[in-house]
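For reference, the structure discussed in these notes is given below.
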Amino acid sequence: MEQKRLYFRRQLQTNMAVRLCDVASLLRSGSWASEPWTGQVIAAMETQLSNGPTCNNTSNGPSTITNNCSSPVESGSIEDSKTNLIVNYLPQNMTQEELKSLFGSIGEIESCKLVRDKITGQSLGYGFVNYVDPKDAEKAINTLNGLRLQTKTIKVSYARPSSASIRDANLYVSGLPKTMTQKELEQLFSQYGRIITSRILVDQVTGVSRGVGFIRFDRRVEAEEAIKGLNCQKPPGATEPITVKFANNPSQKTSQALLSQLYQSPNRRYPGPLAQQAQRFRLDNLLNMAYGVKRFSPMAIDGVTSLAGINIPGHAGTGWCIFVYNLAPDADESILWQMFGPFGAVTNVKVIRDFNTNKCKGFGFVTMTNYDEAAVAIASLNGYRLGDRVLQVSFKTNKTHKA
DNA sequence: TGATATT
């Protein structure tokens with residue numbers, strides 16, 4: 001009870017209508033409504049809401065507020081939201097649950113959304129995480145920005161307030177001098193507005209610039225002005241003019257290309273050869289279940305020595321559970337994400353702590369979706385030296401008695 | 001013409 005009071009007091013201290021709307025709707029629904037003090041809290045919030053900016057939150061996602069500031073965009077100003085983050089460059093196969101699990105290891109999450117293609121359902125590689133506490137959002141940027149997950153390095157930053165004016169502000173630039181650096185590219189374009197991202201494409205083999213790149217501005221009007229000012233112009237010192245135009249939207253592919261991508265990408269829906277071994281396990285286990293055979297020992301398969309995390313389709317919340325031993329007392333979840341994330345889809349991590357001291361008891365667990373990725377992670381991380389400790393990593397066993 | 005940046 002007291003914890004709930006503290007929880008909502010903390011929320012109330014976040015002086016944004018957007019937060020109040022969310023808390024109010026949370027209080028109105030579900031088990032919170034039965035608490036004797038919720039009525040007072042809702043009333044207090046609605047008073048503030050009626051005096052403040054309009055709340056337009058009608059959906060499940062994080063809400064937005066009408067920006068009624070007289071000078072909405074000031075160069076270099078701090079973002080409006082201190083709790084809402086955008087996470088870019090997520091691995092293609094990362095799910096919303098995995099995103100929530102990863103960022104939930106920092107602090108309490110108010111809402112979390114992985115953005116998917118409306119038609120294909122494929123991840124668009126970015127998402128939003130809205131924390132309850134602005135301090136956790138800041139901590140998430142400090143600890144998770146730049147985290148390597150599989151082949152990607154994720155970017156974590158404050159989300160700008162959602163608005164039509166910030167959409168379609170990405171430019172494709174070609175004909176750049178091969179010697180031009182990213183910094184020089186930014187210098188050229190920064191006179192037209194605030195740059196959100198910039199990139200120069202390079203040859204995969206030689207690393208030499210391909211003379212093409214991208215500039216994403218904060219606002220579309222800035223991108224329009226940059227086209228007017230720089231398209232067909234020669235950059236300082238260049239011999240040839242550059243081409244500046246709006247970039248293609250990656251989500252606007254032809255249906256042919258989408259189908260091709262769907263067929264070729266090894267994801268959950270269309271498992272590629274890599275998933276075959278895990279599929280074989282699942283099939284075997286289904287057959288064993290169906291025929292009432294005692295849970296089969298997978299030890300006979302391909303030299304695997306010990307397994308327990310049996311993954312049965314339809315049995316939600318399962319995966320390949322990995323036991324990690326010899327963690328330091330101050331180990332936290334983020335270290336587990338950092339170690340195992342690069343090997344594949346991680347759905348959950350947990351550091352086991354002493355109830356009284358809150359220090360790690362020396363071990364933890366990691367759940368991975370795919371068997372093959374889990375096996376590689378174990379093979380790679382068992383014996384790994386973390387600080388002054390050598391880790392023992394294995395599939396979790398179902399030991400009920402100590403040997 | 002990207003390491004799919006605004007739900």
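Proteins come first, then strands; the chains are lettered A, B, ... in the order of their sequence lines, and each starts at number 1.
At least one donor-acceptor pair closer than 3.5 Å links the side chain of A/N145 to the backbone N or O of A/V156.
Here the closest heavy-atom approach between residue A/L114 and residue A/L90 is recorded as CD1-CD1, 3.7 Å.
Checking B/dT1, B/dA5, B/dT7 against the side-chain heavy atoms of A/I196 singles out B/dA5 as nearest. Listed nucleotides: B/dA5, B/dT7, B/dT1. Nearest to the side chain of A/N248: B/dT1. Distance from the side chain of A/N88 is smallest for B/dA5 among the nucleotides B/dT4, B/dA5, B/dG2. Nearest to the side-chain atoms of A/L124 among the listed nucleotides B/dA5, B/dT4, B/dT7 stands B/dT4.
For B/dT1, the OP1/OP2 oxygens have no side-chain nitrogen or oxygen of A/K245 closer than 4.0 Å.
One N or O donor and one acceptor, one from the side chain of A/R199 and one from the base of B/dA3, sit under 3.5 Å apart. Judged by distance alone with a 3.5 Å cut-off, a donor-acceptor contact links the side chain of A/R160 to the base of B/dT6.
If you take CZ of A/R219 and C1' of B/dT6, they are 16 Å apart, rounded to a whole angstrom. One interatomic measurement links the two molecules: CG of A/N130 to P of B/dT7, which rounds to 15 Å at whole-angstrom precision. Between A/Q92 atom CD and B/dG2 atom P there is a gap of 15 Å when expressed in whole angstrom units. Separating the CG atom of A/N170 from the P atom of B/dT4 is a distance of 12 Å, rounded to the nearest angstrom. Taking atom OH on A/Y89 and atom P on B/dA3, their separation rounds to 9 Å, with Å as the unit. Here the C1' atom of nucleotide B/dG2 and the NZ atom of A/K155 are 13 Å apart, to the nearest Å. As a whole-Å value, the separation of A/F214 CZ from B/dA5 P is 10 Å. For the pair A/R216 CZ and B/dA3 C1', the interatomic distance rounds to 12 Å; values are reported in whole Å.
Ring orientation note: the planes of A/F103 and A/Y131 are tilted relative to one another, at an angle of 30° to 60°. By the 30° and 60° cut-offs, the orientation of the rings of A/F217 relative to A/F189 is tilted.
At the heavy-atom level, A/T151 lies nowhere under 4.0 Å from the strands shown. Using a 4.0 Å heavy-atom cutoff across all strands shown, A/K118 reaches no nucleic acid atom at all. Among the protein residues, A/T153 comes within range of the nucleic acid bases, having at least one heavy atom under 4.0 Å from a base atom. Among the protein residues, A/I86 comes within range of the nucleic acid bases, having at least one heavy atom under 4.0 Å from a base atom. Residue-level contact check: A/R148 touches neither bases nor backbone, having no heavy atom under 4.0 Å from any strand.
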- Under the side-chain hydrogen bond (donor to acceptor under 3.5 Å, both in side chains) criterion, do A/Q182 and A/S198 qualify, and how do the steps go? CA-CA 7 Å; A/Q182 184 182 4; A/S198 68; 2.9 Å; yes
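Looking at heavy atoms from C-beta onward, A/E222 lies out of side-chain contact with A/I166 at the 4.5 angstrom threshold.
Both A/V212 and A/G125 lie near DNA chain B, and the one whose nearest nucleotide falls closer to the 5' end is A/V212.
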